[in-house]
Protein chains: 2
Amino acid sequence: MAADMEAARPLRADAERNRRRLIDAAAEAFAERGLDVSVAEIAKRAGVGQGTAFRHFPTKERLVAEIVRDRLTGLAAFGRELLEDSRREDPLLDFMRSLIELQVQDRGLAEGVGSSVLADPAVREAHLELLRTIELLVARGQEAGNVRTDISAVDVIVLTKGVAAASDPLCVVKPRIWRRYLDLVRDALRPESARPLSGRPPTRAELERGLAEHH
Amino acid sequence: MAADMEAARPLRADAERNRRRLIDAAAEAFAERGLDVSVAEIAKRAGVGQGTAFRHFPTKERLVAEIVRDRLTGLAAFGRELLEDSRREDPLLDFMRSLIELQVQDRGLAEGVGSSVLADPAVREAHLELLRTIELLVARGQEAGNVRTDISAVDVIVLTKGVAAASDPLCVVKPRIWRRYLDLVRDALRPESARPLSGRPPTRAELERGLAEHH
DNA sequence: ACCTGAACACCGTTCAAGT
DNA sequence: ACCTGAACACCGTTCAAGT
């Protein structure tokens with residue numbers, strides 16, 4: 001799961017332990033109650049002083065970034081697994097299902113992607129890795145004739161985010177409603193239904209820039 | 001635009017003036033910078049003390065609610081205009097365009113719908129009015145053969161919210177990108193592309209309940 | 001009746017003092 | 001090196017004192 005770029009100098013034993021506790025406590029709290037749980041409460045849950053929290057993560061956003069990065073990396077890895085599993089009929093659709101399911105279950109992740117955490121370099125790198133994986137899945141789907149050819153990986157990310165965001169309020173009362181809207185997206189992506197789309201498709205760079213500048 | 005249920009007892013002249021100034025200042029500030037502009041700043045922009053702001057709107061949420069209600073009422077009225085204009089080929093699609101465009105232009109509105117302001121009774125009433133208008137538009141579209149028959153007005157609201165939310169980050173760099181995703185939704189809604197959707201469709205009551213309980 | 005700014009509780013963030 | 005809680009600026013909200 002955790003893909004640290006550089007091991008850097010190892011932390012002192014207690015610091016390392018505190019860091020892990022903070023990440024675990026934050027991941028849990030954010031998933032359950034969204035990103036507006038206070039750092040003070042996360043520190044308390046982790047059993048450390050709140051000063052310690054800000055020593056490890058100089059800003060709350062960096063703490064969020066750490067956790068979002070973990071999730072994105074995990075998703076990219078899962079996407080590559082799907083690509084290697086040759087028995088799957090429609091790996092792209094399976095992947096979109098997982099993307100949405102994770103956003104629906106993890107409120108913090110849903111609030112995190114599309115927030116300014118995407119400006120964080122480590123998060124951007126993980127996001128790019130995810131995009132590249134989706135590009136492979138889209139290409140595969142297009143070769144198999146499952147997916148219209150005027151659709152890109154950026155579109156897939158945008159669409160899954162849309163399904164998750166749109167389903168969000170209804171999910172409290174109908175937890176599986178997102179499947180309905182994923183089904184509609186599936187219908188929209190089939191080659192038979194393709195009619196010309198207006199404007200030029202968004203590029204990878206435009207998405208990255210948009211996410212980073214957003215706010 | 002403003003559809004006050006009961007005129008009640010009229011306010012003192014200065015109070016009425018302050019109320020209007022607060023609403024105008026808030027509408028402008030929320031549209032530009034989203035819902036997290038402080039009440040203090042809105043009061044300052046309106047030229048009143050911040051105590052006055054809380055006298056007119058006992059909570060920040062009520063101030064937001066007032067503005068969201070105005071927008072929803074305006075949208076419902078516009079929808080009915082579309083229904084009466086017999087020259088339009090696809091009034092539902094035209095209406096979805098306006099729904100999305102407004103959410104993209106007005107950050108406060110986008111953040112407001114789907115937040116807990118929908119718990120406010122006056123907002124719920126305006127929202128219900130909007131839903132009923134969309135139901136007429138959907139029925140019209142289905143009669144004309146433009147729209148698949150397993151789609152409801154609730155779906156339309158959910159989908160437009162999804163398009164607006166998904167396009168949001170990209171809009172900074174490509175302001176018209178939402179048209180692309182509306183085009184995809186248009187393709188998904190055409191009867192020819194219809195394949196069975198999983199689960200039962202969400203009802204009006206479920207949407208209302210979801211929006212109100214959300215948070 | 002309505003207006004106002006000072007006061008309160010809570011948040012993110014900083015830092016002097018400890019080990 | 002790292003930990004800690006008290007301190008600061010800012011937010012939403014309340015309220016005693018004014019007109």
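Every chain is numbered from 1, with letters handed out A, B, ... down the list of sequences.
- Counting heavy atoms from C-beta outward, His56(B) and Thr52(B) have side chains that approach closer than 4.5 Å.
- Across all strands shown, dA1(C) is found opposite dT19(D) as a Watson-Crick or G-U wobble partner, with both distances under 3.5 Å.
- To the nearest angstrom, P of dC3(D) lies 12 Å from CZ of Arg19(A).
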List, one per line, each side-chain donor-acceptor pair under 3.5 Å for residues 74-82 of chain B, sequence neighbours excluded.
unit_1, atom_1, unit_2, atom_2, d
Arg80(B), NH1, Glu129(B), OE2, 3.3

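- Panel note: side chain Asp155(A), backbone Ser152(A); a donor-acceptor pair is recorded below 3.5 Å.
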Give the B/S/- string for nucleotides 5-19 of chain D, one per nucleotide from 5' to 3', where a protein heavy atom under 4.0 Å of the base yields B, of only the sugar-phosphate yields S, and otherwise -. B-----SSBB-----
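- Under the side-chain contact (heavy atoms from CB on, under 4.5 Å) criterion, Arg148(A) pairs with Asp150(A), Ile151(A), Ala194(A), Leu197(A), Leu184(B), Asp187(B), not counting sequence neighbours.
- Heavy atoms of other residues, nucleotides or ligands lying less than 6.0 angstrom from CZ of Arg62(B) number 12 at most.
- In this model, the phosphate group of dC3(D) is approached by a side-chain N or O of Asn18(A) to a distance below 4.0 Å at OP1 or OP2.
- Rounding to whole angstrom units, CZ of residue Arg17(B) and C1' of dC2(C) are separated by 12 Å.
- At the phosphate of dC2(D), neither OP1 nor OP2 sits under 4.0 Å from any side-chain N or O atom of His56(A).
- Formation of a donor-acceptor pair under 3.5 Å by the Lys60(A) side chain with backbone atoms of Leu35(A) is found in this model.
- Using Watson-Crick or G-U wobble geometry with both donor-acceptor distances under 3.5 Å, dA6(D) finds its partner in dT14(C).
- Protein atom CZ of Arg21(B) is 15 Å distant from nucleotide atom C1' of dC2(C), rounded to whole Å.
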